[in-house]
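Read the structure below first, then the notes.
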2 protein chains.
Amino acid sequence: MKHLLSQIKIEVNDKLYLKDPESTDLGRRIIQHSILLIDRMGFEQFTFKKLGKEINSNESSVYRYFENKHKLLLYLTSWYWAWKEYQLVFSTANIVDASAKLQKAMQVLTRQVEKDAVISHIDEVVLSRIVVNEFSKSYLTKEVDRENKEGFFAVHHRLVLRLREMILEVRSDYPYPSSLASTILEGSLHQFFLKEHFPSLTECSETILPSDYFTHMVLNVLNLKNNG
Amino acid sequence: MKHLLSQIKIEVNDKLYLKDPESTDLGRRIIQHSILLIDRMGFEQFTFKKLGKEINSNESSVYRYFENKHKLLLYLTSWYWAWKEYQLVFSTANIVDASAKLQKAMQVLTRQVEKDAVISHIDEVVLSRIVVNEFSKSYLTKEVDRENKEGFFAVHHRLVLRLREMILEVRSDYPYPSSLASTILEGSLHQFFLKEHFPSLTECSETILPSDYFTHMVLNVLNLKNNG
DNA sequence: TTATATTTGAAAGTTTTACTATTAATTTGC
DNA sequence: GCAAATTAATAGTAAAACTTTCAAATATAA
């Protein structure tokens, strides 16, 4: 995986940036350090001025790459979901059994991101924390419908629909495949959050994983026996 | 319900306000119109200055009731969850069968709020939209652990734990009662959001309700047959 | 290699937000 | 009817969220 991924460029909607941050050294530093800064101080406290300082550059230079910090967040989360989509497609590619495939997909989508990471300047472990803590804020806005029309959430939607298809391959008569798929994706982020901050609201811990919980759920809801 | 509720004062953590907004006419106008304004313009665009203008009062007067808009949001969402808790306790009080009780609880917690509403100055339908769109923002912050220690999320936690207990009454050996309870509460907000903004990611619609989806899920996960 | 174009950095300016402080007017409680 | 409390109005501050200008550095093309 390591080698393969380092060759591949994760693509996100090009309306999310003014200038492709992957195209320059400054751009890559913006991405790299925005991830670290947002993780450290939270999205609300994060500003382009602070980021400019952090990378020994300038606020105005950051504004040449991204219109505002909201677009930057959309860029980062889109990148994350595109990366997950790549993993999903790759790791389920040769599985023929629909149930085994679905279970593999769920494991890929709900597992904790580990730090054997992969792509040069992006720390995927830190980015995954940002997704847990900030992803909701990217769509819980008054602009969501307009931005959705522009395709800003397309990668994430594609992922949900891929999972939905795998659910239907296993049980074509299951009545809520989209809802179940979206619950798994959003719900696993939520369970990771609860584990860190509201541990009394989840069984998830160091030993019990969101994957275990959701796998159990899906096996029962789709009336399967474990064959992963 | 109407009559009963109008007698009862919903109580929230008193550290959330500087002066009890239920104690004065101005306070009640602040609550009433903050709900309408946040719904209209979204939490990010909402300010105390705009609210002051809206109620023919002043920014500085609003600040005498609430430290900042984050505390106001915590107040509003706590109020909502306390109201839901009241409904939950009331409507499950005399049900003896554990399974029927759980199903009733789920229905109360995941149903759409209807406009036969109840408490004088608070529009519960609009407030429920705010909860769908803004509740996550109240805890996805860097201050969450400190605020949790202060009990700012206590009402919501209590609700999750009540649901958890009902799940365990039905299936004491179900391994993920807290996670399932938190998934139902958070997940139903999410399904309402998807229905409005990302309809391709959910089956929920005018005819299919989040209640239907989650009821089906819980019946299967807990291996029950429908007896609600 | 020099001229030209592009990118970046530094600084200053604008508007809005998120407050705080002061004081005057109004309301309320006794 | 007077004192105390509350509210409204105004002004002020610091920081956020940008925009503009310009000069310096760097890349590129002739």
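Below, each value reflects all heavy atoms present in this structure, side chains not excepted, and no hydrogens, waters or symmetry copies. Quick note on labels: first sequence line is chain A, next is B, and so on, each numbered from 1.
Near DNA chain D, meaning a heavy atom under 4.0 Å away, there are no residues from residues 137-148 of chain A. Sorted by residue number, the list of members of residues 37-54 of chain A with any non-hydrogen atom under 4.0 Å from DNA chain C is empty.
With sequence neighbours excluded, no residue satisfies side-chain hydrogen bond (donor to acceptor under 3.5 Å, both in side chains) with K84(B). Scored by the ring pair (Phe, Tyr, Trp, His ring centres under 6.0 Å) test, Y213(B) finds Y176(A) as partners (sequence neighbours excluded). Qualifying side-chain hydrogen bond (donor to acceptor under 3.5 Å, both in side chains) partners for S211(A), counting only residues two or more places apart in sequence or in other chains: T110(A). Applying the side-chain hydrogen bond (donor to acceptor under 3.5 Å, both in side chains) criterion to T47(B), with sequence neighbours excluded, gives no partner residue. Taking the side-chain hydrogen bond (donor to acceptor under 3.5 Å, both in side chains) definition, one finds that S200(A) meets it with nothing, sequence neighbours left out.
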Below 3.5 Å is the cut-off: list the nitrogen or oxygen pairs between protein and nucleotides 19-22 of chain D, distance only.
none

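Rounding to the nearest 0.5 Å gives a distance of 9.5 Å between CG of L51(A) and CE of M41(A). Of the inter-residue distances, the one linking Q32(A) atom CD with D123(A) atom CG reads 8.5 Å to the nearest 0.5 angstrom.
Between L180(B) and E203(A) the shortest side-chain heavy-atom distance does not fall below 4.5 Å.
Note: F48(A) and F46(A) have perpendicular aromatic rings, judged against thresholds of 30 and 60 degrees for the angle between ring planes. Ring pair Y139(B)/F135(B) is perpendicular by interplanar angle, where above 60° counts as perpendicular and below 30° as parallel.
Residue N58(A) contributes atom CG, which lies 13 Å from atom C1' of dA24(D) at whole-angstrom precision.
Residues in residues 72-83 of chain B take part in no salt bridge (Lys or Arg N to Asp or Glu O under 4.0 Å) pair, two or more places apart or across chains. Residue pairs meeting the salt bridge (Lys or Arg N to Asp or Glu O under 4.0 Å) criterion with at least one partner in residues 138-156 of chain B, sequence neighbours excluded, are K15(B)-E150(B). The list of salt bridge (Lys or Arg N to Asp or Glu O under 4.0 Å) pairs with a residue in residues 29-43 of chain B, not counting sequence neighbours, reads D25(B)-R29(B), D39(B)-R129(B), R40(B)-E54(B).
Nucleotides of DNA chain C with any atom under 4.0 Å from a heavy atom of chain B span, from 5' to 3', dT17(C) to dA21(C).
Counting non-hydrogen atoms under 4.0 angstrom, S61(A) reaches a base of the nucleic acid. When heavy atoms are screened at a 4.0 angstrom cut-off, F66(A) is found touching no nucleic acid atom at all.
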